[in-house]
Amino acid sequence: MTEADHAETYEQRVQAIQQANQPILDGFETWLRQSGLSEPTIKAHVVNMRFFSRYLLLYAYSLRRLDEATEGDVYDFLEDWFPRKALWASVSSMKVYLASFKKFFTWMGETSLVSPEMVEDVLSTLKDDRNFFLRKVAEEFP
């Protein structure tokens with residue numbers, strides 16, 4: 001396989017994953033809307049999960065869809081990547097991300113996109129490591 005073939009295959013995989021993620025994000029947005037949240041809150045949660053989907057695809061070297069994300073992916077994103085790379089990272093934005101992940105994985109569990117065990121693992125990490133994530137982002141941007 002030539003380098004050009006590899007690049008084309010990679011681009012095709014990226015595009016396929018982006019297309020697979022869109023209905024997931026659309027379903028999440030519909031669920032949020034049905035839960036009665038305000039439009040700005042809905043938009044924030046969807047934008048956060050879209051950003052996480054790009055992290056999974058382009059920065060975590062995983063080429064995984066949102067419904068293939070693991071507790072480790074969420075942890076790595078919150079503990080390391082988001083505080084270091086997102087220009088808007090702050091304690092308040094981290095709190096919104098924690099809420100977004102909680103809602104997103106709850107919804108994915110309710111719709112059977114991920115296993116109940118995965119939901120439990122992610123929610124446990126969000127709860128148990130909340131203060132650690134908040135300290136981490138506070139240290140990055142004192």
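Computation of the quantities below employed the complete heavy-atom set of this structure, encompassing side-chain atoms and omitting hydrogens, waters and symmetry-equivalent molecules.
- Looking at Arg64 and Thr70, their side chains come closer than 4.5 Å, going by heavy atoms from C-beta outward.
- For the pair Val122 and Thr125, the minimum side-chain heavy-atom distance is 4.5 Å or more.
- Distance check: Arg84 CZ to Lys136 NZ gives 8.5 Å after rounding to the nearest 0.5 Å.
- Proximity of Glu139 to Pro83: side-chain heavy atoms (C-beta onward) are nowhere separated by under 4.5 Å.
- Ring geometry, Trp81 versus Tyr55: the interplanar angle falls from 30° to 60°, so the pair is classed tilted.
- When the options Phe133, Tyr59, Phe82 are evaluated for a ring pair (Phe, Tyr, Trp, His ring centres under 6.0 Å) with Phe77, the one that passes is Phe82.
- When all heavy atoms of Ala44 and Ser100 are compared, the pair lying nearest together is O-OG, 4.3 Å.
- The salt bridge (Lys or Arg N to Asp or Glu O under 4.0 Å) test applied to Asp76 returns no partner, not counting sequence neighbours.
- Linking Ile, Leu, Val, Met, Phe, Trp and Tyr residues whenever their side-chain heavy atoms come within less than 4.5 Å places Leu58 and Leu25 in a single cluster.
- The closest side-chain heavy-atom distance from Leu32 to Lys103 is below 4.5 Å.
- With values rounded to the nearest 0.5 angstrom, Asp80 atom CG is found 9.5 Å from Tyr75 atom OH.
- The distance from atom CZ of Arg135 to atom CG of Asp129, rounded to the nearest 0.5 Å, is 9.5 Å.
- Within the 3.5 Å criterion, the main-chain N or O of Trp88 finds a donor-acceptor partner in the side chain of Ser93.
- At a cut-off of 3.5 Å, with distance as the only test, no side-chain donor of Ser124 or Asp121 sits close to an acceptor on the other residue.
- Aromatic rings from Phe104 and Phe52 are positioned such that their centres are separated by 6.0 Å or more.
- Of the inter-residue distances, the one linking Phe101 atom CZ with His45 atom NE2 reads 12.0 Å to the nearest 0.5 angstrom.
- The pair Arg33-Glu29 counts as a salt bridge, with a side-chain nitrogen and a carboxylate oxygen less than 4.0 angstrom apart.
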N/O donor to acceptor pairs below 3.5 angstrom from side-chain atoms of residues 13-23, sequence neighbours left out:
from  : atom 1 : to    : atom 2 : distance (Å)
Asn21 : OD1    : Leu66 : N      : 2.8
Gln22 : NE2    : Asp26 : OD1    : 2.7

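- A continuous path of Ile, Leu, Val, Met, Phe, Trp and Tyr side chains, each step under 4.5 Å between heavy atoms, connects Ile24 with Leu63, placing both in one hydrophobic cluster.
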Under 3.5 Å, sequence neighbours excluded: what are the donor-acceptor pairs made by side chains of residues 105-114?
from   : atom 1 : to     : atom 2 : distance (Å)
Thr106 : OG1    : Lys102 : O      : 2.7
Glu110 : OE1    : Trp31  : NE1    : 3.2
Thr111 : OG1    : Trp107 : O      : 2.9
Thr111 : OG1    : Met108 : O      : 3.3

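- Note: the hydrophobic cluster containing Phe51 also contains Leu57 (ILVMFWY, side chain heavy atoms under 4.5 Å, direct or indirect links).
- To the nearest 0.5 Å, the span separating CZ on Arg54 from CG on Leu56 amounts to 12.0 Å.
- Shortest non-hydrogen contact noted between Lys95 and Arg130 is CG-NH2, 3.9 Å.
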